Number of protein chains: 2
Amino acid sequence: MSKCEQCIIKQFNSLKALTKDELVRISACKTSHTIKKGEVIFEEGEMLNGVYCIKDGICKLSKLSENGKDQIVKMVVKGQLLGQRSLISEETSNLQATALNEMEVCFIPKSEIIADLQKNPKFSFEVLKDMAHDLRDSDDIIVNMAQKSVRQRLAETLIYIHENFGTNPDDTLSVLLSREDYAGIVGTATESAIRVLSQFKKEGLIEAVGKYIKIIDFAGLERVE
Amino acid sequence: MSKCEQCIIKQFNSLKALTKDELVRISACKTSHTIKKGEVIFEEGEMLNGVYCIKDGICKLSKLSENGKDQIVKMVVKGQLLGQRSLISEETSNLQATALNEMEVCFIPKSEIIADLQKNPKFSFEVLKDMAHDLRDSDDIIVNMAQKSVRQRLAETLIYIHENFGTNPDDTLSVLLSREDYAGIVGTATESAIRVLSQFKKEGLIEAVGKYIKIIDFAGLERVE
DNA sequence: TAATACGCATGATAATTGTCATGATTTATA
DNA sequence: TATAAATCATGACAATTATCATGCGTATTA
């Protein structure tokens, strides 16, 4: 089992604010897991008893709406922490986490994290910054949902995924999402998402290599209204 | 000038976690302000150098979207803190704050708050909880924006305002919002908001006493689809 | 291998929502 | 108070988006 003190991943999240001693202690009680694509990490309404540090892979955080559709609220990738909010608010999770590809995660028990939050002000300040940033993102998403068209939201989603989650050697988006997932991110019907993606293809903005999507014309996507 | 140590308002926000000494220190450097209805407290892109503790009144946090409409993201009332996020992330504000009625606020300089955040873990944990709660709210708003109809969102908004911001003696909503504000909350065109409110009146769900709105049929509003 | 399910795709149509125009009413201001 | 300027209201129409139906191709599995 690898050691937290030596793990590079922590540089990308608030765990970097922990002291070496704290990391050694956490290392002793953490557990490592492999999560298969499609597997549910935690469900809506579940009480979390720790946080996940994502060593590799990506997952979606979604919420089932009253009309039965799964709205994707956020995507969490390698380097980030998962489940901090629910831990802090001491409430059950309001979201479901589902792996989008094979993931490697470390699970750190609640008690350890809470102890550090209460003892190490640098750490809690880092978490605060993380959450402040998340809140800003949420605000932007709300404004986009409210004021932009499906076409515009989908175009921006493609660019966002390209910029944040990277590409394969052939420039296709490395995260493989179903059309249903795209609909879930954008907040539209699956058929509408499919239709818009087809339009984008016809307009030469994107290309589909098998199931993979490649962005051809960035400027064009940005211009979509 | 009133003293923070004796102020009841702090019971309602994270300042309650501060020690008496810390409160005395803050009290010495805070400033009190009256803000008139419609006045802008801070603008998008402005660097905040402190937080506001709202002693009385209510304000809206909004963001101008690309199509020129003001999307209301959140409303902040008496008892709550305003501006914590921007302070923590050390970025300019992504939102504009505008008073919806006459407000009484105390302004606490950035340096004081940051110092306490870094020294008093109880305080920073309270702020963390606040933000975790805000994030949960944001998630819900995103799902509602994406999956519910304008009618449904407006009905829920009316109920939300009734439950969270209270009513006048005659049961009308105590917060007086323009139809444009309602449109800004729901994320729709002003005309659409007006139309839906007119429908609600015709359907006997609400009543308009002058500019004030009174909810007549709660169950009916909840049933709106 | 055959059968079945699932994801992708597209058409037809209905429902929702936005936009533009116009007028009434209220509120602010000279 | 008279006038101007917002705000509220409604109609007509256009644009966007959802829903239902159907078919096709590819995985999955009995």
Side-chain angles (χ1 to χ4, degrees), chain A residues 36-38 65-71 98 100 143-158 172-173 175-203 206-213 224-225, chain B residues 36-39 65-71 98 100-101 143-158 172-173 175-203 206-213 224-225:
Chain A
K36 273 177 246 147
K37 176 176 175 171
S65 75
E66 287 168 29
N67 59 26
K69 284 185 189 160
D70 228 23
Q71 177 65 36
T98 314
L100 288 172
V143 177
N144 287 344
M145 284 290 179
Q147 307 285 355
K148 293 185 178 172
S149 68
V150 168
R151 260 178 78 85
Q152 226 171 338
R153 279 180 273 153
L154 193 42
E156 287 179 9
T157 298
L158 291 171
T172 55
L173 301 182
V175 189
L176 191 53
L177 294 173
S178 67
R179 310 291 148 133
E180 198 179 350
D181 281 329
Y182 279 109
I185 295 173
V186 168
T188 191
T190 306
E191 296 95 323
S192 298
I194 291 173
R195 241 180 274 270
V196 173
L197 285 173
S198 298
Q199 285 169 18
F200 285 172
K201 252 191 286 182
K202 276 186 200 153
E203 295 165 21
I206 64 172
E207 216 170 67
V209 185
K211 280 216 165 193
Y212 288 87
I213 289 176
V224 161
E225 290 211 343
Chain B
K36 274 176 246 147
K37 177 175 174 172
E39 204 174 312
S65 75
E66 285 167 30
N67 58 25
K69 283 186 190 161
D70 226 26
Q71 177 66 35
T98 313
L100 288 171
N101 50 30
V143 178
N144 287 343
M145 284 291 180
Q147 306 285 356
K148 293 185 178 172
S149 68
V150 169
R151 260 176 79 82
Q152 226 170 337
R153 280 180 272 154
L154 192 42
E156 286 180 8
T157 298
L158 292 170
T172 55
L173 301 183
V175 190
L176 192 53
L177 294 172
S178 67
R179 309 294 148 129
E180 198 179 351
D181 282 329
Y182 278 110
I185 296 172
V186 168
T188 190
T190 307
E191 296 95 321
S192 297
I194 290 174
R195 243 180 272 271
V196 173
L197 285 173
S198 298
Q199 284 171 18
F200 285 173
K201 253 192 284 184
K202 276 186 199 151
E203 294 165 21
I206 64 172
E207 216 170 67
V209 186
K211 279 220 163 191
Y212 289 87
I213 289 176
V224 162
E225 288 208 345

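Quick note on labels: first sequence line is chain A, next is B, and so on, each numbered from 1. It should be emphasised that the depicted structure is a prediction, and the values quoted were computed from it without experimental measurement.
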* Asked: Between B/Glu225 and B/Lys148, is the closest basic N to carboxylate O distance under 4.0 Å?
  -> no

* Asked: What is the distance, rounded to the nearest whole Å, between atom CD of A/Gln199 and atom C1' of C/dG11?
  -> 14 Å

Look for any protein N or O under 3.5 Å of an N or O in nucleotides 20-29 of chain D and output each such pair with its distance, or none.
from: D/dC20; atom 1: N4; to: A/Glu191; atom 2: OE2; distance (Å): 3.4

* To do: Determine the contact category for A/Lys69: base if any of its heavy atoms lies under 4.0 Å from a base atom, sugar-phosphate if only primed atoms, P, OP1 or OP2 are that close, otherwise nothing.
  => sugar-phosphate

* Let me know which of B/Glu66, B/Lys69, B/Gln71 forms a side-chain hydrogen bond (donor to acceptor under 3.5 Å, both in side chains) with A/Gln147. => B/Gln71

* To do: May I have the distance from B/Ile213 (atom CD1) to D/dT7 (atom C1'), rounded to whole angstrom?
  => 13 Å

* How many Å lie between CG on A/Leu176 and C1' on C/dG7, as a whole number? -> 12 Å

* Name every residue in residues 181-189 of chain B that has at least one heavy atom under 4.0 Å from any atom of DNA chain D, in order of residue number, or write none if there are no such residues. => none

* Asked: Are the side chain of B/Arg179 and the backbone of B/Ala193 linked by a donor-acceptor contact shorter than 3.5 Å?
  -> no

* Structure fact -> Between CD of A/Glu225 and C1' of D/dT16 the distance, given in whole Å, is 14 Å

* Select base, sugar-phosphate, or nothing to describe what A/Lys201 touches, counting heavy atoms under 4.0 Å on all strands. => sugar-phosphate

* To do: Measure the distance from CD on A/Glu180 to P on D/dA18 and round it to the nearest whole Å.
  => 14 Å

* So what does A/Thr190 hit on the nucleic acid, given a heavy-atom distance under 4.0 Å: a base, only sugar-phosphate, or nothing? -> nothing

